[in-house]
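Fair warning: this is a prediction, and the values are worked out from it, not measured in the lab.
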Amino acid sequence: MSPIDKAERKRAYATLGFAVTGLVIAWTIVFPWIGQQTSIRRMIERNESHGIDPTAMFYTDLENMSVQDGMLRRINDH
């Protein structure tokens with residue numbers, strides 16, 4: 001193995017390490033912090049009280065999302 005290959009391999013491992021570290025920080029610190037913000041917290045509580053599964057929100061729960069659907073239509077109509 002040439003020295004160039006070793007340097008490239010080290011750089012690849014470092015890049016992978018930074019990417020994994022970034023994902024872990026986002027998943028364990030940033031996303032929970034965003035979830036505690038007032039506007040997001042209200043949306044989460046509203047979804048839970050209406051029995052809306054946010055993982056299926058894109059197409060299957062639109063009948064429960066009339067306000068948001070109207071907002072999306074106004075934004076897209078411009």
Side-chain angles (χ1 to χ4, degrees):
M1 184 178 307
S2 72
I4 294 173
D5 292 338
K6 288 181 182 180
E8 287 177 11
R9 184 172 294 186
K10 283 184 180 181
R11 191 174 310 123
Y13 283 132
T15 302
L16 177 62
F18 285 126
V20 169
T21 301
L23 288 171
V24 168
I25 289 171
W27 204 264
T28 60
I29 298 171
V30 176
F31 295 156
W33 176 78
I34 290 172
Q36 295 304 315
Q37 300 307 302
T38 304
S39 60
I40 302 298
R41 185 81 241 147
R42 271 188 270 154
M43 184 176 22
I44 291 169
E45 289 170 357
R46 182 183 181 282
N47 286 346
E48 289 174 350
S49 70
H50 285 88
I52 296 172
D53 176 9
T55 61
M57 232 169 79
F58 292 102
Y59 299 105
T60 59
D61 284 338
L62 286 179
E63 69 275 1
N64 293 326
M65 303 293 289
S66 59
V67 172
Q68 283 84 352
D69 185 44
M71 290 169 48
L72 291 172
R73 290 183 193 282
R74 281 195 300 272
I75 291 169
N76 290 330
D77 288 343
H78 294 304

> Mind checking whether Val30 and Val20 sit in one hydrophobic cluster, side chains of I, L, V, M, F, W, Y counted as touching below 4.5 Å?
Replying inline: no
> Of all heavy-atom pairs between Pro32 and Ala26, which one has the smallest distance, and what is that distance?
Replying inline: CD-O, 4.1 Å
> Which pair of non-hydrogen atoms, one from Ile34 and one from Ile40, has the smallest distance, and what is that distance?
Replying inline: O-CB, 3.5 Å
> Could you give the distance from CD (Gln36) to CD1 (Ile44), rounded to the nearest 0.5 Å?
Replying inline: 7.5 Å
